[in-house]
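Shown next, in structure tokens, is the structure this report addresses.
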Amino acid sequence: TIVNIGNGQSCLVSTDGILKWDGLPQTEKNRILNWSLLFLHQSVGGDLEEGCSANDVNFEYYGKDVTPMNKPFGGIFIDVGNIANGNPYEKIRVFKDHILKHKNIWKICVFKFGYADIDDDNYLNVEIAYKNMIDEIRILIPNMKFVHVTPPLVYSIYEGNSAKRKVGEWMIETFKNKDVVFDFESIESKNGECSENSIWRICPEFRASKTDPSEINGVDETDGTGHLGKKAAGTISKAFLYSIYLSGK
């Protein structure tokens with residue numbers, strides 16, 4: 001099947017992507033439905049997937065033995081590689097393995113860290129490992145399109161949010177002139193409007209709460225978490241979809 005995927009463009013997508021997605025003709029939105037895409041993530045990524053579904057873009061399930069086709073596929077690291085949150089290096093290894101396993105099929109790849117993957121002690125090493133993975137994929141699959149996702153924040157500023165934002169800023173600086181960077185952090189924090197001691201955190205209205213629970217993760221009970229409520233996910237995922245759209249436009 002001939003898939004209508006273009007050269008894409010390099011840019012940074014933040015809150016502006018929400019209205020820009022809304023402004024696209026339906027025919028343009030529908031193009032994503034036939035693009036071979038892998039999105040691997042864990043819990044907050046599941047919130048984004050549910051938000052995409054609310055916007056009529058459904059990801060096919062991707063597990064370790066699934067053969068992809070010309071559709072968007074989404075999967076969680078625990079299913080694909082038995083990798084729990086808090087192990088970023090294994091996530092990177094598994095993602096690269098599955099991109100290369102089906103390198104003749106995938107056109108776009110999207111890797112998303114979990115909020116437990118990055119802290120004050122490891123963020124520099126995580127940056128190196130992530131950059132090495134991207135460089136290797138770029139060499140082995142020269143036409144691959146990338147959407148980079150800045151790491152999700154939690155509500156407590158003492159749970160590594162400063163390190164997560166450092167990685168996010170590094171991603172923007174490193175990749176915005178080559179690929180699409182989805183600045184998830186800036187949307188979650190309203191570009192730092194939701195912060196404490198100048199450290200960004202997820203805004204209360206976006207968190208999974210009793211009035212707006214996450215469809216798959218329920219309610220956040222502690223400040224060390226940062227899942228998205230169903231309503232919030234439906235809105236934020238529009239910018240995520242717009243990022244994907246630009247990568248293959």
Side-chain angles (χ1 to χ4, degrees), residues 11-24 29 39 41-59 74 76 85 110 112-120 147-169 171-172 180-246:
C11 64
L12 176 66
V13 176
S14 184
T15 306
D16 59 319
I18 295 170
L19 288 178
K20 288 181 177 179
W21 174 259
D22 281 338
L24 287 177
K29 293 178 179 178
F39 172 39
H41 53 83
Q42 212 85 293
S43 56
V44 180
D47 293 333
L48 281 176
E49 270 203 49
E50 294 296 335
C52 290
S53 295
N55 288 290
D56 301 317
V57 178
N58 294 304
F59 286 78
I76 58 176
N85 282 326
V110 189
K112 192 189 130 320
F113 288 109
Y115 53 71
D117 292 332
I118 295 169
D119 56 37
D120 295 329
V147 177
H148 307 277
V149 182
T150 59
L153 302 169
V154 296
Y155 189 66
S156 171
I157 64 166
Y158 305 108
E159 297 287 339
N161 273 357
S162 179
K164 299 181 216 313
R165 186 55 191 161
K166 286 176 182 175
V167 173
E169 290 173 332
M171 279 186 176
I172 293 166
V180 177
V181 180
F182 171 51
D183 194 2
F184 187 31
E185 293 173 341
S186 70
I187 300 176
E188 284 191 305
S189 69
K190 293 185 178 179
N191 201 35
E193 183 180 316
C194 296
S195 64
E196 183 182 349
N197 298 335
S198 300
I199 298 173
W200 289 15
R201 61 181 177 182
I202 185 172
C203 293
E205 60 262 43
F206 296 146
R207 295 187 72 200
S209 64
K210 290 180 180 178
T211 55
D212 185 24
S214 162
E215 194 158 350
I216 56 173
N217 294 304
V219 174
D220 277 2
E221 302 286 356
T222 69
D223 288 349
T225 53
H227 297 108
L228 301 177
K230 182 176 180 178
K231 180 181 176 183
T235 300
I236 292 172
S237 66
K238 293 178 181 181
F240 178 55
L241 288 170
Y242 189 67
S243 301
I244 293 170
Y245 168 75
L246 291 181

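The model shown is predicted, which means the values in this text are computed figures rather than measured ones.
Residues satisfying the side chain to side chain donor-acceptor pair (under 3.5 Å) test with Ser186, not counting sequence neighbours, are Ser14, Asp183. The side chain to side chain donor-acceptor pair (under 3.5 Å) check on Asn58 picks up Ser53, with sequence neighbours excluded. Residues passing the salt bridge (Lys or Arg N to Asp or Glu O under 4.0 Å) test with Lys164, sequence neighbours excluded: none. Shown here are the salt bridge (Lys or Arg N to Asp or Glu O under 4.0 Å) partners of Lys166, two or more places apart in sequence or in another chain: there are none. With sequence neighbours left out, Ser237 forms a side-chain contact (heavy atoms from CB on, under 4.5 Å) with Leu48, Cys52, Asn55. Residues satisfying the side chain to side chain donor-acceptor pair (under 3.5 Å) test with Lys20, not counting sequence neighbours, are Asp16. Not counting sequence neighbours, the partners of Tyr115 by the ring pair (Phe, Tyr, Trp, His ring centres under 6.0 Å) test are His227. Residues forming a salt bridge (Lys or Arg N to Asp or Glu O under 4.0 Å) with Asp212 (at least two apart in sequence, or on another chain): none. Taking the side-chain contact (heavy atoms from CB on, under 4.5 Å) definition, one finds that Glu169 meets it with Arg165, sequence neighbours left out. Judged as a side chain to side chain donor-acceptor pair (under 3.5 Å), and not counting sequence neighbours, the contacts of His148 are Tyr130, Asp179. By the salt bridge (Lys or Arg N to Asp or Glu O under 4.0 Å) test, Asp56 is found to be paired with no residue, residues two or more places apart in sequence or in another chain being considered.
Residues in residues 220-231 take part in these salt bridge (charged side-chain N to carboxylate O under 4.0 Å, His left out) pairs, two or more places apart or across chains: Arg207-Asp220, Arg207-Asp223, Glu215-Lys230.
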